[in-house]
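Report on one structure; see the data block that follows.
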Amino acid sequence: MATQIDTAQRQIVLVEDAHIRPMMGNKVLESLPSRHIPYSLVDPYILVHEATVRITPEQANQDTTHPHRGFDNLWYAISGSSSTGHSTGPGGTMERAKLAEGSLLKVRTGRGVLHAEGLGKDELAEGKIGTEMRGFLFWVNLARKDKDVAPTAQVVQRADLPARREADAIVRTLVGEGSPVELGTPGLILDVELPKGGALSIPVQSDFNGFVHMLEGEASFGANASRASRAQIAVLGPGNVLAVEDAQPGTRFVLMAGKPYGEQPIYNGPYVD
């Protein structure tokens, strides 16, 4: 007897505009947290920011060093390059990480880390004044049992992140099968581009929460064909396949999904307990 495979399409339960938040001298597009999106729908994802950092002496020499603890902090270079520092060296010393286009920095903040020292300082030293990096930064919760781990840093270059053509799309796997980046819970993070528009279907495990953050363009998502466009977030309902249809040429989005912890975070400024 053949086994039936459930391929229930997910619907979109909510589409919302991201909002602008001034931060460290930059205008940051913040899609999470949101006063209208319950954390239970996006667990384990705590925060999602998108911003363009301009390499200037003022930016690089501004003291933006700040503490974090209790989550994974990931920074993805959508375009351009930048650099930063964090206290993950021996004995808590500062070490540098440089992100070229398409690379990813993961800092497991654990029991505590300092982060964002000398933003863009490496590029300034290389004479790249006036260049820009468009970055995508997000926080992923850690289980309470894991919040006291030692902080670590990992830089993954573009060439080490799997990329494939699927239907009309180019799909890069930031977290998921083939990626060296692991979260504290099973997850899936995809950078999806549709240069000529079109459609594709993306498997998303049924026990994962998920959402889409729109970087460019516009497309219809889910069984209810909800339309989402640049600077919007679309939250997925139950199911295990996300349909993407009728995308405009140049559409690009990040799909973020993960197995929820079911633990309500306790926020204390830059700390998540």
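Count residues from 1 along the sequence.
Taking hydrophobic clusters as Ile, Leu, Val, Met, Phe, Trp and Tyr residues chained together by side-chain heavy-atom distances below 4.5 Å, Val204 does not share a cluster with Leu174. There is a path of hydrophobic side-chain contacts, each under 4.5 Å, that joins Trp75 to Ile78.
With Asp273 as reference, Arg69 is the one residue of Arg111, Arg144, Lys147, Arg69 to meet the salt bridge (Lys or Arg N to Asp or Glu O under 4.0 Å) rule.
If you take CG on Leu188 and NZ on Lys259, they are separated by 14.5 Å, rounding to the nearest 0.5 Å.
Considering only heavy atoms from C-beta on, Leu29 comes within 4.5 Å of Arg230 through its side chain. Using a 4.5 Å heavy-atom threshold, the side chains of Thr109 and Tyr271 count as separate. Contact of the Pro186 side chain with the Gln205 side chain is not registered, since no non-hydrogen atoms from C-beta on lie closer than 4.5 Å. Side-chain contact between Leu137 and Leu47 is present, with at least one heavy-atom pair separated by less than 4.5 Å. Counting only heavy atoms from C-beta outward, the side chains of Phe208 and Asn240 never approach each other to under 4.5 Å. Here the side chains of Val15 and Phe221 are not in contact, with every heavy-atom distance at 4.5 Å or above. Under the 4.5 Å side-chain criterion, counting only non-hydrogen atoms from C-beta, Arg108 is not in contact with Pro151. Side-chain atoms of Asp72 and Leu142, non-hydrogen and from C-beta on, do get closer than 4.5 Å to each other.
With sequence neighbours excluded, no residue forms a ring pair (Phe, Tyr, Trp, His ring centres under 6.0 Å) with His19.
Here the side chain of Tyr39 pairs no donor or acceptor atom with the backbone of Ile46 at under 3.5 angstrom. Not a single donor-acceptor pair under 3.5 Å links the side chain of Arg252 to the backbone N or O of Glu193. In this structure a side-chain-to-backbone donor-acceptor pair under 3.5 Å is present from Asp43 to Tyr261. Side-chain atoms of Glu263 never come within 3.5 Å of backbone atoms of Ala143 as a donor-acceptor pair (strictly under, hydrogens ignored). Side-chain N or O atoms of Thr173 include none that pairs as donor or acceptor with a backbone N or O of Ser179 at under 3.5 Å. Not one N or O on the side chain of Arg10 forms a donor-acceptor pair closer than 3.5 Å with the backbone of Gly222. Judged by distance alone, with hydrogens and angles left aside, the side-chain atoms of Glu123 form no donor-acceptor pair with the main-chain N or O of Met133 at under 3.5 Å. Not one N or O on the side chain of Ser31 forms a donor-acceptor pair closer than 3.5 Å with the backbone of Ala18. The backbone N or O of Leu114 lies less than 3.5 Å from a partner atom in the side chain of Ser87, making a donor-acceptor pair. A donor-acceptor pair under 3.5 Å is absent between the side-chain atoms of Arg158 and the main chain of Ala77, judged by distance alone.
Val149 shares a hydrophobic cluster with no other residue; no ILVMFWY side chain has heavy atoms under 4.5 Å from its own.
The aromatic rings of His115 and His68 sit tilted relative to each other, their planes meeting at an angle between 30° and 60°.
At a threshold of 4.0 Å, the pair Asp122-Lys128 does not count as salt-bridged, since none of the basic side-chain nitrogens sits closer than that to a carboxylate oxygen. Using a cut-off of 4.0 Å between Lys/Arg side-chain N and Asp/Glu carboxylate O, Asp168 and Lys196 are scored as not salt-bridged. Remark: Lys98 engages Glu126 in a salt bridge, criterion side-chain N to carboxylate O under 4.0 Å. Classification of Arg134 and Glu50 as a salt-bridged pair holds, one side-chain N sitting under 4.0 Å from a carboxylate O.
The list of ring pair (Phe, Tyr, Trp, His ring centres under 6.0 Å) pairs with a residue in residues 155-196, not counting sequence neighbours, is empty.
You'll find the ring centres of His213 and Phe136 inside the 6.0 Å limit.
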**Asked** Where do His86 and Glu95 land on the side-chain contact (heavy atoms from CB on, under 4.5 Å) test, with the steps shown first?
**Response** CA-CA 6 Å; His86 33 78; Glu95 59 181 0; 3.7 Å; yes
**Request:** Before giving the answer on side-chain contact (heavy atoms from CB on, under 4.5 Å), spell out for Val155 and Leu105 the whole-Å C-alpha distance, their side-chain angles and the decisive distance to 0.1 Å.
**Result:** CA-CA 5 Å; Val155 177; Leu105 166 66; 3.8 Å; yes
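Side chain to side chain, Ser220 and Glu245 fail the donor-acceptor criterion of an N or O pair below 3.5 Å.
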